[in-house]
Amino acid sequence: AKKQEKEQRNEKWPRNVMIKNSSLWALGADAREPMKKYDLIPLVTWTKDAERFIAERWQNVQHRATCDRAVWFQPWPHGITSQLRDYTDLAIISVFTFHRTIVPIDSGDERYRKWCPDAYWLECFFKPFQGDQCHNVTLPREGEGVHGLSDLGSKTPYVKLKTETRGSALLHEHETLFPNEMWDALVARQDVVFQDPEAPHAMMDARWLKRDKPELYYSLSLSALRAILAHEVLHVRPNILAKAQALVQDMNISPHEPVVA
């Protein structure tokens, strides 16, 4: 048994093993439809230039002077982490792939309105994700001119969606929905790097990974892009941040020691 185990360890990367669905969800895959499972996963790193580049792209679309192209997004009434997932997935498609401003609107769920009556629920926790350039635009009918997410790239100026957008859409339709042009440019100039899991400090050939292991490549890329968005776009409101800091103090959590929640 030990000899067989050693031979398996020496197999050429990657090899199939079991990974918990929750770990796959954190990588950007849908927990209900996990991607092919690997035990050796490349580490994706990026530079400050990559963060600035993505933040500028976001600013140019979400805070443009006029409301030329926009999609209004009415999410399903999930919890906050699920709504964040749905919003960021659709935002990646809308803003970075099709250069269309995304504007979240109230889901109409009374449970949220009781707690947050004056704003879209996520914006009770975070500062607005867009400017006010689309405030005076008459909302189109739900689904007008849109038959699929790829239609966000159409010439129709205004559309409205109510949909559950998950990582699986970006993974399974990566050729049309993932912002390949932007991401490929960052990879080409090594502002985004895939580290070889078997050779510390060595880079993987991202072109090979994308061509031969697209499911893994796009899962890792989506994970990294989500992380950059969390850092550059999701700015917590001061009152929420103060409550979180007070909670940490009340729980006597040390800022210097890791904590498992």
Side-chain angles (χ1 to χ4, degrees), residues 8-9 11-58 81-82 84-98 149-150 164-234:
Q8 289 177 345
R9 289 178 181 174
E11 288 177 359
K12 185 178 179 180
W13 177 91
R15 64 181 185 273
N16 297 337
V17 296
M18 292 299 295
I19 292 182
K20 292 181 180 179
N21 286 356
S22 58
S23 299
L24 294 169
W25 187 85
L27 287 172
D30 192 322
R32 295 176 180 82
E33 299 178 17
M35 66 178 186
K36 190 176 182 180
K37 302 164 184 63
Y38 302 96
D39 61 340
L40 293 174
I41 298 178
L43 174 68
V44 184
T45 60
W46 57 87
T47 65
K48 288 289 184 181
D49 287 340
E51 292 181 347
R52 283 191 289 267
F53 182 84
I54 289 173
E56 288 174 3
R57 281 286 183 99
W58 180 271
T81 53
S82 295
L84 270 177
R85 175 205 58 210
D86 289 354
Y87 173 78
T88 54
D89 283 350
L90 187 56
I92 288 170
I93 298 169
S94 181
V95 175
F96 298 121
T97 303
F98 298 122
L149 291 176
S150 60
E164 285 184 287
T165 325
R166 299 189 182 277
S168 56
L170 280 160
L171 295 175
H172 299 161
E173 301 177 50
H174 51 74
E175 291 183 357
T176 56
L177 298 183
F178 192 84
N180 286 287
E181 181 180 357
M182 178 189 76
W183 198 250
D184 288 348
L186 292 171
V187 172
R189 62 179 185 238
Q190 296 184 9
D191 282 326
V192 173
V193 172
F194 293 79
Q195 305 283 352
D196 192 327
E198 291 191 319
H201 310 298
M203 292 189 302
M204 291 194 68
D205 184 347
R207 293 172 300 179
W208 170 84
L209 190 63
K210 183 178 181 180
R211 182 186 67 246
D212 290 7
K213 306 292 179 184
E215 197 172 25
L216 181 59
Y217 173 85
Y218 282 103
S219 293
L220 294 170
S221 297
L222 179 57
S223 176
L225 186 48
R226 278 175 167 170
I228 295 173
L229 283 180
H231 185 265
E232 297 295 326
V233 172
L234 303 180

| said: I'd like to know if the side chain of S94 and the backbone of L90 have a donor-acceptor N/O pair within less than 3.5 Å. | reply: no
| message | A side-chain contact here means heavy atoms from C-beta on lying under 4.5 Å apart; do P179 and I92 qualify? | response | yes
| Separation between NZ of K210 and CG of D212, rounded to the nearest 0.5 Å | 13.0 Å
Less than 3.5 Å apart, which donor and acceptor atoms pair up between the side chains of residues 185-194 and the rest of the protein, not counting sequence neighbours?
{"unit_1": "R189", "atom_1": "NE", "unit_2": "D191", "atom_2": "OD2", "d": "2.7"}
{"unit_1": "D191", "atom_1": "OD1", "unit_2": "T47", "atom_2": "OG1", "d": "2.9"}

| Rounded to the nearest 0.5 Å, how far apart are CZ of F98 and CG of L149? | 8.0 Å
| said: In the structure I gave you, are the side-chain heavy atoms of F96 and F178 within less than 4.5 Å of one another anywhere? | reply: no
| How long is the span from the CG atom in D184 to the CZ atom in R207, to the nearest 0.5 Å? | 11.0 Å
| field | Residues L209, L216; criterion side-chain contact (heavy atoms from CB on, under 4.5 Å); working and verdict | value | CA-CA 8 Å; L209 190 63; L216 181 59; 4.2 Å; yes
| Rounded to the nearest 0.5 Å, how far does CE of M203 lie from CD of Q195? | 8.0 Å
| Within a strict 4.5 Å, meaning less than it, do heavy atoms of the V233 and I54 side chains meet? | no
| query | Would a 4.5 Å heavy-atom cut-off, applied to side chains only, mark W46 and F53 as touching? | reply | no
| query | Between atom CG of L84 and atom CG of D89, what is the distance when rounded to the nearest 0.5 Å? | reply | 10.5 Å
| request: Check whether any side-chain heavy atom of I93 lies under 4.5 Å from a side-chain heavy atom of E173, and answer yes or no. | output: no
| said: Would the distance check show the side chain of S223 and the main-chain N or O of S219 forming a donor-acceptor pair, the cut-off being under 3.5 Å? | reply: no
| query | Relative to the ring of H174, is the ring of Y218 parallel (under 30°), tilted (30 to 60°) or perpendicular (over 60°)? | reply | parallel
| remark: In this structure, OG1 of T97 is separated from CD of E181 (nearest 0.5 Å) by 10.0 Å
